[in-house]
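Read the structure below first, then the notes.
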Amino acid sequence: MQQHPFTFSVSVPEETLSVFDKHIVRRLSAMQGQYLDTQAFKTMLSQDPVLYEVYEINRPELAGELMNGITIVHPGKIGEEYFMTKGHFHNLLATAEVYYCLKGDGMMVMETPEGEWAVEELHPASVLYVPPRWAHRSVNTNPHDDLLMFFVYPANAGHDYGTIEQHGFHQLVLERNGHPQIVENPRWRQQER
Ligand SMILES: [Fe+2]
């Protein structure tokens with residue numbers, strides 16, 4: 001673990017980090033119950049495509065430290081619904097995150113435990129500030145190219161994937177008439193409070 005200041009670079013064309021410790025590859029099979037079109041999900045499962053990848057620099061999971069890395073969401077759809085990340089709240093709910101879009105086009109779908117929601121578009125040079133308490137999911141709306149983002153968040157934040165797996169996101173991003181459209185998720189369930 002480097003305790004001295006260090007520099008690294010993101011290669012945009014190659015979609016790589018010059019320094020990283022962890023490479024996470026998420027396939028469709030990790031997204032059970034997340035896609036609206038269950039028939040299309042089943043059909044695509046035989047190919048089990050890679051939906052997204054994360055390269056991260058490990059830091060101690062301590063207050064004051066920052067995790068950082070890149071997320072790459074590949075282009076594609078399951079039925080009408082674009083490839084996307086699992087989406088999560090932070091275990092430590094009161095922690096924020098910053099995303100910097102380097103390549104591609106997408107949307108960040110977000111919501112609070114109370115069910116307030118927001119969707120922000122992402123294009124190269126977009127910087128998105130996700131405030132504390134907002135769950136977030138990256139969606140690649142470009143049918144031809146990867147969505148590449150740099151992220152940074154408090155290293156003690158942790159990930160709560162389970163709440164989204166059970167309740168879903170309030171909004172889905174679907175391709176309709178060749179364009180991304182934000183629609184209500186008929187299967188969304190309000191969290192008990
Ligand atoms: Fe996060």
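First listed ligand is number 1; within each ligand, the first listed atom is number 1. Please read these numbers as outputs of a predicted model, since none were measured by experiment.
- Here the N, O or S atom of His136 that is nearest to the Fe ion (ligand 1) is NE2.
- Checked by atom type and distance alone, the side chain of His167 pairs as donor or acceptor with a backbone atom of Arg189 at under 3.5 Å.
- Classification of the Trp117-His170 ring pair by plane angle, with boundaries at 30° and 60°, yields parallel.
- Relative orientation of the Tyr55 and His23 rings is parallel, given thresholds of 30° and 60° on the angle between their planes.
- Within Glu97, the N, O or S atom lying nearest to the Fe ion (ligand 1) carries the name OE1.
- Of all the N, O or S atoms in His88, the one closest to the Fe ion (ligand 1) is NE2.
- A side chain to side chain donor-acceptor pair (under 3.5 Å) with Gln34 holds for exactly one of Arg137, Arg187, Glu81; it is Arg137.
- Residue His159: no N/O/S atom is found under 2.8 Å from the Fe ion (ligand 1).
- Looking at His90, its N, O or S atom nearest to the Fe ion (ligand 1) turns out to be NE2.
- Side-chain atoms of His136 and His88 form a donor-acceptor pair, as typed in the model, at a separation below 3.5 Å.
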